Amino acid sequence: MENQNLAIESYALGAFQTNAYVVTNTDTNQTIVIDPGMEPDQLLHALANKNVVAILLTHAHLDHIGGLNQVRELTKAPVYIHPLEQEWLTNPDLNGSRRWNLPELIVCERAEHELEDGQTLELAGFHIQVLHTPGHSPGSCSFVIGQHCFGGDVLFNQSIGRTDLFGGDYETLMISIQDKLFELDDETIVYPGHGPKTTIDYEKTYNPFVTGMLR
C-alpha cells in the first residue's frame, strides 16, 4: 500500500463548513495544510504540534482563505496558489469577502509560490501532482498524492462546484472534470471543499451532473 506514512485530517470550518485538510507525514511530522477556512480555531489547535511546511490553496474564495492569515502567523509556512488567483488574496472584491457581512474584509499577503498545471511538488516527503482544474474559479487547482485527490470545489459527492460566481464557467468545469479528474484511477479518493469524501468511480457512476457526459 502506497503512502503508508500519510495521515489525513479534515475540519469543516466556518459558516460555509469548508473542509480544511491537514496532511501529515507520520514518519517526520512534516505537514501540509490545504485550504485554511474561516473561523480556524479548531485547525490552529490541530497544527500546534506539527511542523507545517506548506499551505496549498485549491482556490481563493473567501471561505477557503478565511483562516490563511492566522495559519501563516502560526506556522510561517509558504503559500502556493495558481497565478490566476494570486491577486484574489489581496482583493476583497475578487475573493468575495466584500459581498458578505463579515466583521472585516479578507485581505492576505501574496503567495510565495505560483502553481503550474502538471508540475510535481516535493513537500513533506510526498510527490504532489498539480492539476489546473478551472471552472468553479479561473485558478482552481487539484492536488493529487497517490490515490488521494484534494479537489476544492470542482467535484463533490454527487454534485459539482457552482459556476455563477466571478470567473466561473460551466463548460470549463465540465472539461476539468472530464479531462483531468476522470483521468485519475477509479479508486482515487476525492476530498472536496465541502461535504463528504467520494471516489472517482462513484462519481462516474452516480453523479447526476456528469454521468451523461462520459465518453
Side-chain angles (χ1 to χ4, degrees), residues 11-21 33-40 43 55-72 78-119 130-143 149-182 190-195 203 207-210 213:
Y11 301 90
L13 303 178
F16 296 91
Q17 288 292 278
T18 305
N19 291 329
Y21 293 101
V33 178
I34 301 175
D35 289 353
M38 304 171 74
E39 301 176 26
L43 175 62
I55 303 167
L56 306 184
L57 302 177
T58 62
H59 64 295
H61 281 148
L62 75 159
D63 56 315
H64 290 255
I65 65 169
L68 178 58
N69 287 337
Q70 294 97 313
V71 173
R72 256 181 162 168
V79 177
Y80 294 70
I81 196 169
H82 192 277
L84 289 177
E85 295 186 24
Q86 177 75 271
E87 300 302 327
W88 292 35
L89 295 176
T90 64
N91 189 330
D93 292 309
L94 295 176
N95 65 45
S97 61
R98 198 180 297 278
R99 292 182 55 189
W100 300 88
N101 186 26
L102 302 178
E104 59 184 50
L105 299 175
I106 296 174
V107 178
C108 308
E109 297 292 330
R110 290 169 59 89
E112 287 83 358
H113 301 283
E114 295 186 344
L115 301 165
E116 295 181 10
D117 181 44
Q119 78 180 115
V130 178
L131 302 177
H132 182 212
T133 48
H136 173 66
S137 69
S140 285
C141 287
S142 299
F143 304 108
C149 175
F150 302 87
D153 291 356
V154 176
L155 180 68
F156 298 129
N157 190 314
Q158 299 190 61
S159 189
I160 58 174
R162 62 189 293 182
T163 57
D164 60 332
L165 300 175
F166 175 76
D169 184 82
Y170 177 80
E171 291 187 1
T172 301
L173 181 66
M174 291 295 101
I175 292 171
S176 291
I177 294 172
Q178 176 76 45
D179 293 351
K180 296 288 183 68
L181 297 189
F182 279 4
V190 178
Y191 300 83
H194 305 270
E203 296 312 310
N207 191 316
F209 293 91
V210 300
M213 74 178 188

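Keep in mind it's a predicted model, so treat the numbers as computed, not measured.
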Task: Nearest heavy atoms of Pro36 and Ala20, plus distance in Å - done: CA-CB, 4.4 Å

Task: Steps toward side chain to side chain contact (heavy atoms under 4.5 Å, CB included) verdict (Leu181, Val154) - done: CA-CA 9 Å; Leu181 297 189; Val154 176; 3.8 Å; yes

Task: Point-to-point distance, once rounded to the nearest 0.5 Å, from NZ of Lys180 to CD1 of Ile175 - done: 10.0 Å

TODO: Going by the side chain to side chain contact (heavy atoms under 4.5 Å, CB included) test, name the single residue among Thr58, Val130, Leu84 that passes it with Cys141.
DONE: Val130

Open item on the list: Run Ile160 and Met174 through side chain to side chain contact (heavy atoms under 4.5 Å, CB included) and show every step you take.
Closed with: CA-CA 9 Å; Ile160 58 174; Met174 291 295 101; 3.5 Å; yes

TODO: Decide yes or no for Gln158 and Pro208: does some side-chain heavy atom of the first lie under 4.5 Å from some side-chain heavy atom of the second?
DONE: yes

- [ ] Please list all pairs passing the ring pair (Phe, Tyr, Trp, His ring centres under 6.0 Å) test where one or both residues lie in residues 85-111, with sequence neighbours left out.
- [x] Phe16-Trp100, His61-Trp88, Trp88-Phe166

Open item on the list: Are more than 12 heavy atoms, taken from residues, nucleotides or ligands other than Arg98, located less than 6.0 Å from that residue's CZ atom?
Closed with: yes

Open item on the list: To the nearest 0.5 Å, what is the distance between NE2 on His136 and CG on Asp164?
Closed with: 9.0 Å

- [ ] State, yes or no, whether a side-chain contact exists between Val190 and Glu203 at a heavy-atom distance under 4.5 Å.
- [x] no

Open item on the list: So for atom CD, which belongs to Glu112, do other residues, nucleotides or ligands contribute more than 12 heavy atoms lying within a distance under 6.0 Å?
Closed with: yes

TODO: May I ask you to decide if Leu105's main-chain N or O and Ser97's side chain share a donor-acceptor pair within less than 3.5 Å?
DONE: no

Open item on the list: Quick one: does any side-chain atom of Arg72 pair with a main-chain N or O of Glu109 as donor and acceptor, under 3.5 Å?
Closed with: yes

Open item on the list: So does Ile81 get a backbone contact from the side chain of Glu114, meaning a donor-acceptor N/O pair under 3.5 Å?
Closed with: no

Task: Shortest non-hydrogen contact between Pro40 and Leu13, atoms and distance - done: CA-CD1, 4.2 Å

- [ ] Could you tell me if the ring centre of Phe150 sits under 6.0 Å from that of Tyr191?
- [x] yes

TODO: Enter the distance from Tyr170:OH to Phe209:CZ here, rounded to the nearest 0.5 Å.
DONE: 8.0 Å

Task: Validation row: Leu155, Thr133 side chains within 4.5 angstrom (heavy atoms) - done: no

Task: Val79: which of Ile65, Leu56, Ile55, Val71 passes side chain to side chain contact (heavy atoms under 4.5 Å, CB included) - done: Ile55

Open item on the list: Whether the side chain of Gln17 engages the backbone of His194 through a donor-acceptor N/O pair (distance < 3.5 Å, no angle test) should be reported.
Closed with: no

Task: Interatomic spacing from OG in Ser142 to CG in Asp117 - rounded to 0.5 Å - done: 10.0 Å

Task: Glu87 side chain reached by Arg110 side chain, heavy atoms, under 4.5 Å - done: yes

Open item on the list: I need the Ser176 OG to Asp169 CG distance, nearest 0.5 Å.
Closed with: 9.5 Å

TODO: Quick one: pull up CZ in Phe143 and CG in Leu115 and give me the separation to the nearest 0.5 Å.
DONE: 5.0 Å

Open item on the list: Just to verify, which of Asn19, Thr18, Asp153 counts as forming a side chain to side chain donor-acceptor pair (under 3.5 Å) with His64?
Closed with: Asp153

TODO: For the pair Met38 and Asp63, evaluate side chain to side chain contact (heavy atoms under 4.5 Å, CB included) and give the outcome as yes or no after the intermediate values.
DONE: CA-CA 6 Å; Met38 304 171 74; Asp63 56 315; 4.2 Å; yes

Task: Flag, side chain of Asn69 to backbone of Val107, donor-acceptor distance under 3.5 Å - done: yes

TODO: Taking Asn207 for its side chain and Ser159 for its backbone only, find out whether a donor-acceptor pair lies under 3.5 Å.
DONE: yes

Task: Main-chain N/O of Gly168 paired to Thr172 side chain as donor or acceptor, under 3.5 Å - done: no

